[in-house]
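Residue numbering restarts at 1 for every chain, and letters A, B, ... go by the order of the sequence lines. Bear in mind the structure is a predicted one, so any value in this text is a computation, not a measurement.
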Amino acid sequence: MKKFTNLLFKEIRELINKQLIFSLVFTLIIFYFIGQIARQEAKRAEGIRRIGVLDLDRSPLSRGLLDNLRLVRFKIDEFETGDKEEALRLARERNLAFLLVIPSGLSEGIERLETRELETYSFLRSFSMAEARYGEIFRVILDTANNYLSNEILKKKWPEISPENLKKPLKSRDFVIVRENRAEASASAIAGFMYAQSIFVPIILAMILIYSSQMVISAIAMEKQNKTLETLLTVPISRSSIVAAKMLAAGIVGLISTLIYLAGFRWYMRSFTGDIAEAASSITTVIKELGLSLTTAGSIILLFSLFLAILCALALATILGVLAEDYRSAQSLIMPLILLVMIPYILSIFTDLRTLSLPAKILIYAIPFSHPFMTTQNILFHNYMAIGAGIVYMLVVFIILVIIAARIFSTDRVLTMKLRWRRRQVVL
Amino acid sequence: MATVLEVRGLRKFYGHFEALKGISFEVREGEIFGLIGPNGAGKTTTLRIVATLLAMSGGQVKLLGYDLRENPEKFRENISYLPEEAGAYRNLTGLDYLRFMARFYDRSPEETERFIERAMAIAGLGDRLKDKVGTYSKGMVRKLLLARALMTKPVLAILDEPTSGLDVINSLEVRDIIKRYAREGLSVLLSSHNMLEVEYLSDRVALIDQGKILDIGTPQELKEKYEAPNLEVVFRRIVQ
Ligand SMILES: Nc1ncnc2c1ncn2[C@@H]1O[C@H](COP(=O)(O)OP(=O)(O)O)[C@@H](O)[C@H]1O
Ligand SMILES: [Mg+2]
C-alpha cells in the first residue's frame, strides 16, 4: 500500500505540470472575458428599453398609452418641446436608442376610427446583439399601443363587455403528461427548461472522459520519451499496481480539471441565463410534480454510470499509451478515443440517442461511452432495463480492457509494442 | 565465493531473429562482472532479461537460487537496473526522485533517509539535487541514476553501458563511482562496448558477439591466453 501511494503521488505530481495549470488558467481567463462581454451586451439590451417620447397629442388617450408602455417595462424620457428636430437633438444628447413621436390629433382620429401614424426614430451606433433586437422592441411598442387603443375603442362601443373577451373568445389551459404524472404547464416551457438544465451533463461527461484519457496516454508516453519506464518496471511493485496508479492519478486529475473548467463555464453561462433563475422557481414545482427532477438515487446511478465510462476510457487510454513512442505520437493516438466520445456527445445534443434507426443504434450502443449520455433521460423516463444493460455492458468492456492492459504490462510487450508505421530503426 | 547470479543456456528470439543463442555465465558475490562486445552483440538483451523486463525464449536464470520464471518479484527486490540512456522524471527534483525510488525498497522511514544520504554521497551533486531533473546535464542525470541504483545496496546492480554518451571527465567520474561503491559487498553486472573501460572496471569479463559468448575470464587470464596487450586485441584475435 505504501508503495502504491508513493507511486500514485508521483503520478499526480507529474500530471499537475505547467502545461496543465497554464491551460486551466488560460481557459478561465477566456471564460471570464467572454462572460464580461456578454454581461455588457445584456446591459445594453436593457438600455434599449429606455425610449425618448415626444407627445404632440397631449390627450388623456396619449397619456394612457404612455402609462401602458411603462407597464411593459419601458423607461420613458418625455420631451417638453413641441418641435420634432429639437426632440431628436435632445435624444441624441441623452444617448437614447429610440425616439417615439405621438402625432397630434391621435385622440380625434381614433374617435373617428381612422388610423394614425406613430413615428419611431432609432439611433444605430453599432451593430451587435442589442441592435439586432431593435425590431423586436418596435413590435412590442406597436403591439402595446395597438392593444391599448383598440381596447379603448371597444370599451366605448360596448362598455358592458371586457375587450379582452371580445378579442380572444377562446382561451387555453395547457397540461403536460410525463408517464403517469400530470401538471398544468406548457410543454415547450418544460422541454426548454429541461434542455437548459441538462445541457451541462453531456459537456461534463465528454470533458472528464477526454481529459482523463489524455492524461493517462501522456503519462505513459512521457515515461517512454524520458526513458523512465524501464526503471519503473524493474522496481519491486506489481505491474498491475503500476497500471492502477496511472489510471487512478489520471482519473483524479481529470476530474479536478473538469470541475475547474465547469466552474468557469457556469460562470460564463450565467451571464446569458441570469433571468432563467427567476422563471425557475415557479417551474421547478411543476418539474417536481412531473417527476422530472433527478432524485438522490438517480444522481447516484448517473455518477456510477459516468464512473464506469471513465474506467473504460482510462483502460483504453492505457492500451493506446503503450503504443505511443513519445509524447507527440501520444497526441495522435488519443484521436480515436476522442472520436468515440464525441460521437455520442454530439448526437446526444441534437437528438435523443434512443430514437435512432437500428443500425445507428447498434453502433452507438457498442460504444461504451454512449451509455452515460443516455442515462439521465433513461432515469427520468424510468427505463431501468436500459440503464442496467448499459452498466453491465460497460463493466464487461472495462474488465476486458483491463485484462488486456494488464497482460500487456506484465509481459515485455509494454516495451516492444509499437505502431509499425512509426517505427524507426536506431542503430548506434 | 558464492554465486549470486547464474545464467544457463539463455536464448532470446525477436520474431525469427535469434538475438541470444545460448549464453551461460555466473556472477559471484562482491565482484564486478563485465559483458563486452560490439553493438548488437546481445548485451542489452541479456541485461533486460535478468532485470525482468524481457521474457526469455529458453534457458535458465537464477538469482540467489530463485528461478526468474517462477519468482520475478524476488529478482525485483534484489536487483537494481540502470538502463542504457535512461532518464529521470523531469518535473521532480533530484532529491524527490531519490526519495520516490527509495520508498520502493525501504523497511522504515529511517532507512529511506539512510538510502538518500548514501545516494547524495554517491552522486556528489551537492545543492543541485534540489533543482528539477529537467535542468540537469546528461552527466548529472547519469550520476543521479547511478546513485539511485547503488543507494539501496542491492544484491546485484545491473548497469547497461554506464558511461555511454558521456564526455571524458564524466566517464571517469562514473567509473570511479562504480569502482568505489560497488565494492561494498554488492555484485555488479555491467555491459559496455568500450573494452578498455571494462578491463579497468571488471574483475571478470565475458566477451560476447552475435548472441554467443566467446570466452570468459579475468582480464589478466584472457590477455595471457591470447597473448594480447589489452582486451581489444583479445577480441580481435578471437573473432579472426
Ligand atoms: N525489440 C527488438 N526487436 C527486434 N530486434 C531487436 C530488438 N531489440 C534488439 N534487437 C536486436 O537484437 C540484437 C541484440 O541487440 P542488443 O541486445 O540491444 O545489443 P547490444 O546491447 O549488445 O548492442 C540486435 O541485432 C538488435 O537489432
Ligand atoms: Mg546495448
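- With Asp412(A) contributing its side chain and Ala55(B) its backbone, the two residues share a donor-acceptor pair below 3.5 Å.
- In this structure, chain B has a heavy atom under 4.5 Å from the side chain of Lys2(A), while its backbone stays farther away.
- Note that the NZ atom of Lys10(A) and the OH atom of Tyr97(B) stand 9.5 Å from one another [nearest 0.5 Å].
- Among the candidates Thr231(A), Val414(A), Thr228(A), Leu232(A), the residue making the largest number of heavy-atom pairs closer than 4.5 Å to chain B is Thr228(A).
- When all heavy atoms are compared, the tightest approach of Phe104(B) to Lys3(A) is O-CE, 3.2 Å.
- With a 4.5 angstrom heavy-atom cutoff, Gln225(A) does not touch chain B via any of its atoms.
- With a 4.5 angstrom heavy-atom cutoff, Leu229(A) does not touch chain B via any of its atoms.
- The shortest heavy-atom contact between Thr234(A) and Tyr105(B) is O-OH, 4.3 Å.
- With a 4.5 Å cut-off on side-chain heavy atoms, Leu92(B) and Glu14(A) count as touching.
- Looking only at heavy-atom pairs under 4.5 Å with chain A, the residue among Lys74(B), Arg90(B), His193(B), Arg99(B) that has the most is Arg90(B).
- Surrounding OH of Tyr14(B) are more than 12 heavy atoms belonging to other residues, nucleotides or ligands, all under 6.0 Å away.
- More than 12 heavy atoms of other residues, nucleotides or ligands shown are found within 6.0 angstrom of OH on Tyr393(A).
- Arg239(A) CZ to Arg76(B) CZ: the interatomic distance, rounded to the nearest 0.5 Å, is 4.0 Å.
- In the displayed structure, Phe4(A) atom CZ is contacted under 6.0 Å by more than 12 heavy atoms of other residues, nucleotides or ligands.
- Here OG1 of Thr411(A) is found 11.5 Å from CG of Leu53(B). Values are rounded to the nearest 0.5 Å.
- Chain A is approached within less than 4.5 Å, heavy atom to heavy atom, by no residue from residues 4-11 of chain B.
- Listed here is the closest heavy atom pair of Glu230(A) and Arg48(B): OE2-NH2, 2.6 Å.
- Contacts with chain A were tallied for Asp96(B), Ile79(B), Leu82(B); Asp96(B) has the most, counting heavy-atom pairs under 4.5 Å.
- Annotation for Glu173(B): atom CD counts as buried by contact number, over 12 foreign heavy atoms lying within 6.0 Å.
- Residues Met101(B) and Val235(A) have side chains in contact (heavy-atom distance under 4.5 Å, counting atoms from C-beta outward).
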